[in-house]
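Both ligands and their constituent atoms are indexed starting at 1 by order of listing. By convention here, the first residue in the shown sequence is residue 1.
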Amino acid sequence: MKMAKDIAKDKYGLLYSTELLLSIIMLVFIIGIMANLSDGMNERMLSEEEISSLENMAIATSDYLLNNPGNPENWEEDDRLDNGIVSPNIIPGLAIRKKNIDNGEFYDESYDDEMIMTNAISYHKLLKIKSNYYKLIGGNLFNGSFKSSMAVYPINENMAPIVMGDDMNDDDNVNDINIAVVNRTVQCDFHSSFVVYDFNDLELFGDDYKREVSCNHDSDSNLEGHANDGRSIWLCKNFRVYKKSLEDYDYFLLSDESIRMSNSYFILESINRPHDNRQRLDEEAIDLNPFFSEDLENSSNEIYSIHFNIDRNHINDFKTVLVAVPKNMTKDLIDDDEMKYDYFKSQEVNYVLKIAYK
Ligand SMILES: [Zn+2]
C-alpha cells in the first residue's frame, strides 16, 4: 500500500477516501454500542470490560478526529458557528487538506481526496471546536453519552496550551480509573496557511546559501547590486499585491524576537520604483498595509520586491515570514497574543483526549 511509504517519506501520511469512509462507519458503530452501555454507569466502579471498551472508544475517536477533516470537509467555515449555532449535520474532524500559497494568492494544491494529511491538525478547526465544544463533540459526535475533554499542548514553550471540554483533571476524583486518555504527538498548522512567503530557507543552506532568484537591483546600474559578500548575504523575493486584496487581508512582516540580534536590514519597493534605502529589521511585527495602500493609490496591482540583507554571523537569528491575515481575524490574533512568528509555523504538539461515561 502506498500509505506506509508516504508516511515514511513525508512524515505526513496520505489518507484514501475508502479508508476515510471506513473510519467514519467504525466510529458511528462504536458510539452506537457504547451509548447503550453507558446508562447507569455513574457512581460505580467499571468492570475491566467496560474500561477496555472506553479505551477503545477513546482510541477510535482520536483516530477519527486526527485523520478526517470532518463532514462537510470545510465545516469550520460555517459562519453560524461564530454565533453558537451548530448544524446537527456537522461531524467535526481536525485533519488538514494540503494547501499551498503562491505570491499571495491562495489556492488548493489539489482537490483530490488523497491529499488529506494524517497526524497533522488544523488549528482553525480546533478553535471552532473549542468555541462550540459541547454541541460539536458532546452532542454531534458523542450523542450526549459521554463526558470528554480535549487539549493541545505545544512543545514550543512560547505558545499557550489550548484546553476545552469538561473538567477531567480532578486528581482527587476516585473515579479517575474510569477516564480513558489518549495522547498523541501530531503537527498543528496554527496560522501557517496565512504565510505568503517564508524567508527562512537560509537555515537549510547556512553559509552556503546561493540566491537562485534574480534580483532587479543586480541588473540596474543605478542601484547597488545584491551579490553576496564575505560579510552579509542578500535574500530577495518578488510577489504581487492586488489593491483589492488590501480590503480583505492585513499584510505583516513577522519575525522571531531574535531578529533584534540579527543585524538585518530590508528594502521593500515596487519594482517600478526601486530604491536603495535600507531599513533596519528590528521589530517583531511590521504592518505593511499602510505602505501598500499608499503605493497602490494609482494602480490595481503591483509587483513588489523585498530584499533582506543578513549578517553572515547571525544567520540563525533571521526568522521572518510575510503573512496575509484575513482582516476579520487580525484583532483576535493580536488580542490572543498570536500575531507572532511562532504561530505562523507548523509546530509539534501533544494532543490529549479524555473521555468517561456520564
Ligand atoms: Zn535584491
By ring-ring contact (aromatic ring centres under 6.0 Å, His included), F252 pairs with (sequence neighbours left out) none
ring-ring contact (aromatic ring centres under 6.0 Å, His included) against F291, all qualifying residues, sequence neighbours excluded: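 F291 satisfies ring-ring contact (aromatic ring centres under 6.0 Å, His included) with Y304 once adjacent residues are dropped.
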**Asked** Quick check: does H226 put an N/O/S atom under 2.8 Å from the Zn ion (ligand 1)?
**Response**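 Given the 2.8 Å cut-off, H226 counts as a ligand of the Zn ion (ligand 1).
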Minimum-distance N/O/S atom that H307 presents toward the Zn ion (ligand 1):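 The atom in question is ND1.
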Fill in: Side-chain ion pair, K340 and D342, N-O less than 4.0 Å
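No, K340 and D342 are not salt-bridged.
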_Quick one: does any side-chain atom of K237 pair with a main-chain N or O of F199 as donor and acceptor, under 3.5 Å?_
no
The SG(C236)-the Zn ion (ligand 1)-SG(C215) angle, to 10°, is 120°
